[in-house]
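Everything below concerns the one structure shown next.
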Amino acid sequence: QVQPVESGGGLVQAGGSLRLSCAASGRTFNSYNVGWFRQAPGKEREFVAAISRSGGRTSYADSVEGRFTISRDNVKNTVYLQMNSLKPEDTAVYCCAAGFSLTVTQRSDGYVYWGQGTQVTVST
């Protein structure tokens, strides 16, 4: 198994940037696809971005395409989410998750190991 731990959240003004990190303990991260999901109060969890085991394939939600970039460094067992041009509607708890699916998926049930999340707040 693997235990993802997120960091890098915080308070930022609209238009600003944050870089989230997802560090893994346990089995090496290159065994898993990794996805980022977010959930705002009163709303359902939604997919943000995902990356394949090798990092060669990525997937993004339409709402963040062109603004967010997912990447990974398997030597460091870390996945990153670079968030630029942040909007107030990006405010949410962001969670990192690892899964076994054959392809990169946007479905939450494709991921079985979940981090506890990090808060991102974007002010107007």
Side-chain angles (χ1 to χ4, degrees):
Q1 64 177 341
V2 63
Q3 176 61 60
V5 179
E6 305 94 336
S7 63
L11 176 65
V12 65
Q13 293 182 338
S17 298
L18 283 174
R19 188 193 195 197
L20 305 184
S21 296
C22 176
S25 62
R27 190 169 182 177
T28 54
F29 231 170
N30 63 3
S31 297
Y32 305 93
N33 299 320
V34 176
W36 285 96
F37 295 79
R38 67 187 183 186
Q39 187 168 23
K43 299 183 66 177
E44 295 183 353
R45 179 189 294 158
E46 65 174 341
F47 170 80
V48 177
I51 191 165
S52 63
R53 292 170 175 82
S54 67
R57 300 176 183 177
T58 59
S59 180
Y60 297 94
D62 290 343
S63 59
V64 306
E65 181 74 49
R67 299 189 297 121
F68 292 8
T69 302
I70 189 170
S71 62
R72 70 190 301 165
D73 184 340
N74 285 337
V75 174
K76 297 181 179 179
N77 272 354
T78 302
V79 172
Y80 304 98
L81 184 67
Q82 178 67 47
M83 306 185 295
N84 299 325
S85 301
L86 283 162
K87 306 173 181 179
E89 49 263 46
D90 294 318
T91 295
V93 174
Y94 284 71
C95 293
C96 175
F100 303 108
S101 62
L102 293 176
T103 60
V104 173
T105 181
Q106 299 185 0
R107 295 174 55 87
S108 61
D109 61 7
Y111 303 90
V112 295
Y113 301 112
W114 292 77
Q116 297 185 46
T118 185
Q119 177 71 46
V120 172
T121 302
V122 184
S123 64
T124 59

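Throughout, numbering of the chain's residues begins at 1 and tracks the sequence. FYI, side chains are in, hydrogens and waters are out, and symmetry mates aren't considered; it's all heavy atoms of this structure. The structure displayed is predicted, hence computed values, not measured ones.
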| field | Pairwise side-chain contact, Phe68 with Leu86, heavy-atom cut-off 4.5 Å (strictly under) | value | yes
| Considering only heavy atoms from C-beta outward, does the side chain of Met83 approach that of Leu20 to under 4.5 Å? | yes
| field | Cluster overlap Tyr113 with Leu81, hydrophobic side-chain contacts below 4.5 Å | value | yes
| said: Keeping Asp73 on the side-chain end and Thr78 on the backbone end, is there a donor-acceptor pair under 3.5 Å? | reply: no
| Same apolar cluster: Val122 and Val48, side chain cutoff 4.5 Å | yes
| Side chains of Ile70 and Val79: does their closest heavy-atom pair fall under 4.5 Å? | yes
Show me the donor-acceptor pairs, under 3.5 Å and distance only, between side chains in residues 33-46 and residues at least two apart or in other chains.
{"from": "Asn33", "atom 1": "OD1", "to": "Arg53", "atom 2": "N", "distance (Å)": "3.3"}
{"from": "Asn33", "atom 1": "OD1", "to": "Arg53", "atom 2": "NH1", "distance (Å)": "3.4"}
{"from": "Asn33", "atom 1": "ND2", "to": "Ser101", "atom 2": "O", "distance (Å)": "2.6"}
{"from": "Asn33", "atom 1": "ND2", "to": "Ser101", "atom 2": "OG", "distance (Å)": "3.1"}
{"from": "Arg38", "atom 1": "NE", "to": "Glu46", "atom 2": "OE2", "distance (Å)": "2.7"}
{"from": "Arg38", "atom 1": "NH1", "to": "Asp90", "atom 2": "OD1", "distance (Å)": "2.9"}
{"from": "Arg38", "atom 1": "NH1", "to": "Tyr94", "atom 2": "OH", "distance (Å)": "2.9"}
{"from": "Arg38", "atom 1": "NH2", "to": "Glu46", "atom 2": "OE2", "distance (Å)": "3.2"}
{"from": "Gln39", "atom 1": "NE2", "to": "Lys43", "atom 2": "O", "distance (Å)": "3.1"}

| Excluding sequence neighbours, so at least two apart, what forms salt bridge (charged side-chain N to carboxylate O under 4.0 Å, His left out) with Asp62? | none
| OG1 on Thr118 to CG on Leu18, rounded to 0.5 Å | 9.0 Å
| Polar side-chain atom of Glu6 near backbone of Gly117 as donor-acceptor pair, under 3.5 Å | yes
| remark: With sequence neighbours left out, the residues meeting side-chain hydrogen bond (donor to acceptor under 3.5 Å, both in side chains) with Ser59 are Gln106
| said: Counting only heavy atoms from other residues, nucleotides and ligands, does the tally under 6.0 Å from CD of Gln13 exceed 12? | reply: no
| Just how far is it from atom CZ of Arg72 to atom OG of Ser52, taken to the nearest 0.5 Å? | 7.0 Å
| said: Which heavy atom of Ala49 sits nearest to which heavy atom of Tyr60, and what is that distance? | reply: CB-CD2, 3.7 Å
| request: Drop me the distance from Phe29's CZ to Cys22's SG, to the nearest 0.5 angstrom. | output: 4.0 Å
| query | Can you find a pair of side-chain heavy atoms, one from Thr105 and one from Tyr111, that are under 4.5 Å apart? | reply | yes
| message | Can you list everything that forms a side-chain hydrogen bond (donor to acceptor under 3.5 Å, both in side chains) with Thr121? Sequence neighbours excluded, please. | response | Gln119
| task | Give a yes or no on whether the backbone of Ser85 and the side-chain of Arg67 come within a donor-acceptor separation of less than 3.5 Å. | result | yes
| message | Gln3: which residues meet the side-chain hydrogen bond (donor to acceptor under 3.5 Å, both in side chains) condition with it, sequence neighbours left out? | response | none
| request: Please confirm whether the backbone N or O of Ala97 pairs with a side-chain atom of Tyr32, one donor and one acceptor, at under 3.5 Å? | output: no
| side-chain hydrogen bond (donor to acceptor under 3.5 Å, both in side chains) involving Ser31 - partner list, sequence neighbours excluded | Arg27
| remark: Heavy-atom closest pair (Val2 atom, Ala24 atom, distance to 0.1 Å) is CG2-CB, 3.4 Å
| message | A side-chain contact here means heavy atoms from C-beta on lying under 4.5 Å apart; do Val5 and Ser25 qualify? | response | no
| message | Please report the interatomic distance SG(Cys96) to CD(Gln116), rounded to the nearest 0.5 Å. | response | 12.5 Å
| said: Looking at every heavy atom in both Ala14 and Pro88, which two are closest together, and how far apart are they? | reply: CB-CD, 4.2 Å
